[in-house]
Amino acid sequence: MKKTLVAMIGAIALSTTAVEAKDWEVVRLAVDVPYEPFEYKAPDGSLTGFEIDLGNAVCEEMKVKCEWVIQAWDGIIPGLLARKYDAIFSSMSINEERAKKVLFSEAYYNTPTGFFGPQASAVDPAKPDTLKGLRVGVQRGTIQDTYATDNYSKVADIKRYTTGDDLVVDLHGGRLDVVVIDFPVGVSTILEVEKGAEFKVLGDNVQLGEGVGVAARKRDGQLIEMFNKALATVKANGTYDKINDKYFEYSIKK
Amino acid sequence: MYETIENLLANNDIFTLTTVLGYWDGLVMTVQLVFLSLILGLILAVPLAILRASDNVLVSRSVWLFTYVFRGTPLLIQLYIIYYGVTYIEGIQESMFWPIVREAFYPCLLAFVLNTAAYTTEIFRGAIVATPRGEIEAAKAYGMSDAKAMTRIILPSALRRALPAYSNEVIFMLHASSIASIVTIIDLTGAARDVYAKYYAPFEAFTFAALIYLCVTFLLVFGFKQWEKRWHRHLRPLS
């Protein structure tokens, strides 16, 4: 009897250590598509973009197989917690609120936030008074949403959108006066398109947040460690710079 | 269940005064939107139902086409087409309609009105067609013209009989209005989405909104029941 008990305890102890030291063979990564140029679909339907290339390079470094899972932004954290995938690799800015729910890796890039509006606009984002009575569009739940709400909600009307696409369509359609969005995303979706010539960058960009990191469930500290190590390697060995130069004219390395 | 409610109440991180006021504003917006849609839809639906029940095939078929299109496509798609579609009309931004169309509220209202008008038209048409022959013959025997028979005999009786089916449409409309939040309108669902995005608490945010919808639905069901009691007195069996 005693022996069985000891054996059982031993077995339980063994199995718990086995869980802790889980060998990751496949890591499922969530992305919100499209978010050009970070992740979007090529004409043939395949996923491409800065984060897709970087993610694949990091996975190669970690010697795991990575599977990309497409998930809409507003459900991306609940989806992680519900184990639909193992990590979020989708331009998620590190912030305090999110850190309560998920575990972040070191930042792997940081981009400025930009302000976009029609050519005739006289808005200066640094002076909230110039936004008086205007409609300011943001993507709901982003750090830009928080920034616009904190700075402009007293003078302007903040419109929150579910996807970045809807936001851009409404700026092009004339429903919005100002769009606050991640700068590179704004450049490629607002300015570098057919109607782009009618719009411009307003004022100076601002740096929000602590940069973008990989997010995983709190219990998967080991996975985050793996990401940190692999990210440090690709940043140091030139792989990161190569991917950076493929998509951007400037460095977004952090 | 009790634990859930206790959790909801104890979690003061989320249900602060600002949040609750946000829900209140959302409720006001939902009620406004649904009420206006239903009233305008009703005003459209009565004449359309008369035309739809007409013996003239051309008239009846053209109204049928309208109801078929709006009942045959999802409301969400109709909302997208109207909301985004209007901005593509040439010269709309310079026209006098732009200040109205620019607001998310009016394109959304238009989509809701047309949709509920289509459903209500078919409900009323059914009731008009089902008017007992005897009532119509009696009206004719009294020497009433077709128009007079319609306004005095057929419509009053048909609209009363349509009440239970119409009450369903009202409740469907209330629930369908939750898609208004897609086009930046902060209705009840929009308020819940804001809370969800701010606190990453989908369960609490949407459960609270669902409870409010339940309360409004309860009021509607209760109201219609009273109304039916009054208007259907003549249909109740003698006990």
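Below, read A as the first sequence line, B as the second, and so on, with proteins coming before strands; counting in each chain starts at 1.
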How about the chain A/chain B donor-acceptor pairs under 3.5 Å, what are they, with distances?
from, atom 1, to, atom 2, distance (Å)
A/D74, O, B/Y196, OH, 2.2
A/R98, NE, B/Y200, OH, 2.9
A/K101, NZ, B/Y200, O, 3.3
A/R135, NH2, B/E103, OE2, 3.1
A/R140, NE, B/D194, OD1, 2.7
A/R140, NH2, B/D194, OD1, 3.2
A/D170, OD2, B/Y83, OH, 2.3
A/G173, O, B/Q93, NE2, 3.0
A/G174, O, B/R102, NE, 3.0
A/G174, O, B/R102, NH2, 3.4
A/R175, NE, B/V101, O, 3.4
A/R175, NE, B/R102, O, 3.1
A/R175, NH1, B/Y83, O, 2.9
A/R175, NH2, B/Y83, O, 2.8
A/R175, NH2, B/V101, O, 3.3
A/D177, OD1, B/R102, NH2, 2.8
A/D177, OD2, B/R102, NH2, 3.4

TODO: Check ring pair (Phe, Tyr, Trp, His ring centres under 6.0 Å) between A/Y85 and all other residues, then give those that pass, not counting sequence neighbours.
DONE: none
- [ ] Give a yes or no on whether B/L58 atom CG has more than 12 heavy-atom contacts from other residues, nucleotides or ligands under 6.0 Å away.
- [x] no
Open item on the list: With a sphere of 6.0 Å drawn around CG of A/D124, does it hold more than 12 non-hydrogen atoms of other residues, nucleotides or ligands?
Closed with: yes
- [ ] Considering non-hydrogen atoms only, spot the tightest contact between B/A197 and A/G141 and give its length.
- [x] CB-CA, 3.7 Å
Side chain, backbone, both or neither: which part of [X] has an atom under 4.5 Å from a heavy atom of chain A?
X      : value
B/P99  : neither
B/V101 : both
B/I185 : neither

Task: Any residue meeting side-chain hydrogen bond (donor to acceptor under 3.5 Å, both in side chains) with A/E51, in chain and number order, not counting sequence neighbours - done: A/S91, A/Y108
Task: Which atoms of A/L81 approach chain B - backbone, side chain, both or neither, heavy atom under 4.5 Å - done: neither
- [ ] Under the salt bridge (Lys or Arg N to Asp or Glu O under 4.0 Å) rule, collect the residues that match up with A/E225, sequence neighbours excluded.
- [x] none
